[in-house]
Amino acid sequence: MTEASGAPRPTRRIDARSLRGLAHPLRMRIFELLSLDGPATATLLAERLGENTGTVSWHLRHLAEHGFIEEETGRGTKRERWWRRVGVANELNIAEFRDDPESRGALSVYLHELVQQYFSRVVTYVNEDWDAEWRAAGTVSDWRDLRLSPEQLAALNAELMAVIARHTPAEDAEPVPGALPVVVQLQSFPRRERGGS
């Protein structure tokens, strides 16, 4: 996958050890906030999450140990450290972990927390007050009439990701006036047929 600038985006493949390091509800919430809102301190994160600063600090160090985040050097003090997400895309192939008894629990926690995060983002959007222009621009849609083979579904996902990549500005690009951060959530999966004819 490449960014809009054409430069290859660094990718990190999540292995069993790093999956176990990330697969914790609070660590995943911390990682999400750093990913969406940028660098923060343990104190700022604790306030947003309603948690104890010491607990958040411990989880931040754990995320750093597993390479998901890093300290932002040159900012803050020895007592008040700033943390940021490491600038790589994380790639997880869930098929690698389904048959591994030692990783199955971590995979389950990770997937359930990820789905909960996606759900929470949509609920937040629906409950917020947006002006008509932004309300008309956003969408919560689904399509139920597709019948695809695994190869066709993989091709559909690749095409959709390519479209998103074309609309993703380079990191050093100036934002367009009036632009806000946008989250695109793509969920595409097979559904077992139920009922009968």
Side-chain angles (χ1 to χ4, degrees), residues 1-92 106-107 109-125 127-130 134 138 161 164-165 167-186:
M1 180 175 174
T2 59
E3 294 181 353
S5 65
R9 183 171 185 195
T11 302
R12 172 190 177 198
R13 211 161 143 212
I14 297 178
D15 61 16
R17 181 179 177 276
S18 57
L19 174 63
R20 288 190 296 272
L22 179 60
H24 182 280
L26 184 54
R27 281 196 290 275
M28 289 186 66
R29 288 169 57 207
I30 291 168
F31 186 64
E32 179 186 38
L33 289 178
L34 292 174
S35 298
L36 292 176
D37 299 327
T41 64
T43 302
L44 292 170
L45 291 166
E47 288 171 7
R48 291 207 47 207
L49 295 166
E51 294 286 342
N52 176 289
T53 302
T55 301
V56 170
S57 291
W58 187 86
H59 286 292
L60 284 165
R61 289 190 300 274
H62 202 74
L63 285 167
E65 176 186 324
H66 289 277
F68 290 102
I69 66 170
E70 62 190 1
E71 187 174 352
E72 191 169 64
T73 56
R75 186 173 184 182
T77 64
K78 193 170 191 147
R79 185 173 156 85
E80 194 72 1
R81 300 163 69 183
W82 284 80
W83 298 92
R84 66 180 174 208
R85 179 188 168 132
V86 172
V88 298
N90 290 299
E91 188 176 278
L92 175 70
L107 179 63
V109 168
Y110 175 82
L111 292 174
H112 283 93
E113 287 301 316
L114 194 63
V115 169
Q116 184 60 50
Q117 285 178 357
Y118 292 167
F119 173 75
S120 295
R121 290 178 196 166
V122 173
V123 169
T124 298
Y125 164 70
N127 289 333
E128 288 176 335
D129 187 24
W130 292 97
W134 278 107
M161 289 179 198
I164 294 165
H167 289 270
T168 303
E171 284 186 36
D172 58 353
E174 285 293 320
V176 174
L180 290 176
V182 171
V183 173
V184 176
Q185 295 183 179
L186 173 61

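The residues of the chain are indexed from 1 along the displayed sequence.
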Could you tell me which non-hydrogen atom of [X] sits nearest to which non-hydrogen atom of [Y], and how far apart they are?
X    : Y    : value
G67  : V86  : O-CG2, 3.5 Å
L34  : A40  : CD2-N, 3.7 Å
L19  : A106 : CG-CB, 4.2 Å
P25  : V109 : CD-CG1, 4.2 Å
G178 : W134 : O-CZ2, 3.5 Å
G87  : P10  : O-CG, 4.0 Å

As an exercise, state the distance from [atom1] of [X] to [atom2] of [Y], rounded to the nearest 0.5 Å.
X    : Y   : atom1 : atom2 : value
R29  : H24 : CZ    : NE2   : 10.0 Å
Q117 : E32 : CD    : CD    : 3.5 Å
M28  : L26 : CE    : CG    : 11.5 Å
H62  : R20 : NE2   : CZ    : 10.0 Å
I69  : L60 : CD1   : CG    : 4.5 Å
E71  : W82 : CD    : CH2   : 12.0 Å

May I ask you to test the [X]-[Y] pair for a side-chain heavy-atom distance under 4.5 Å?
X    : Y    : value
L63  : W83  : no
W58  : R27  : yes
L92  : Y110 : yes
R121 : L36  : yes
V122 : Y118 : no

_Checking side chain to side chain donor-acceptor pair (under 3.5 Å) between T43 and each of E80, R48, R79, R81, which is the one that passes?_
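Among E80, R48, R79, R81, the one that satisfies the side chain to side chain donor-acceptor pair (under 3.5 Å) with T43 is E80.
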*Backbone N/O of V88 and side chain of R85: donor-acceptor pair under 3.5 Å*: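 Yes, because the side chain of R85 sits within donor-acceptor range (under 3.5 Å) of the backbone of V88.
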*Are any side-chain N or O atoms of S18 and backbone N or O atoms of I14, one a donor and one an acceptor, separated by less than 3.5 Å?*
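Side chain of S18 to backbone of I14: no pair is present.
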*Any side-chain donor-acceptor pair under 3.5 Å between T124 and E128?*
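On atom types as modelled, these side chains do not qualify, holding no pair under 3.5 Å.
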_Angle between ring planes, W130 versus Y125, binned at 30° and 60°: parallel, tilted or perpendicular?_
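Ring orientation of W130 relative to Y125: tilted.
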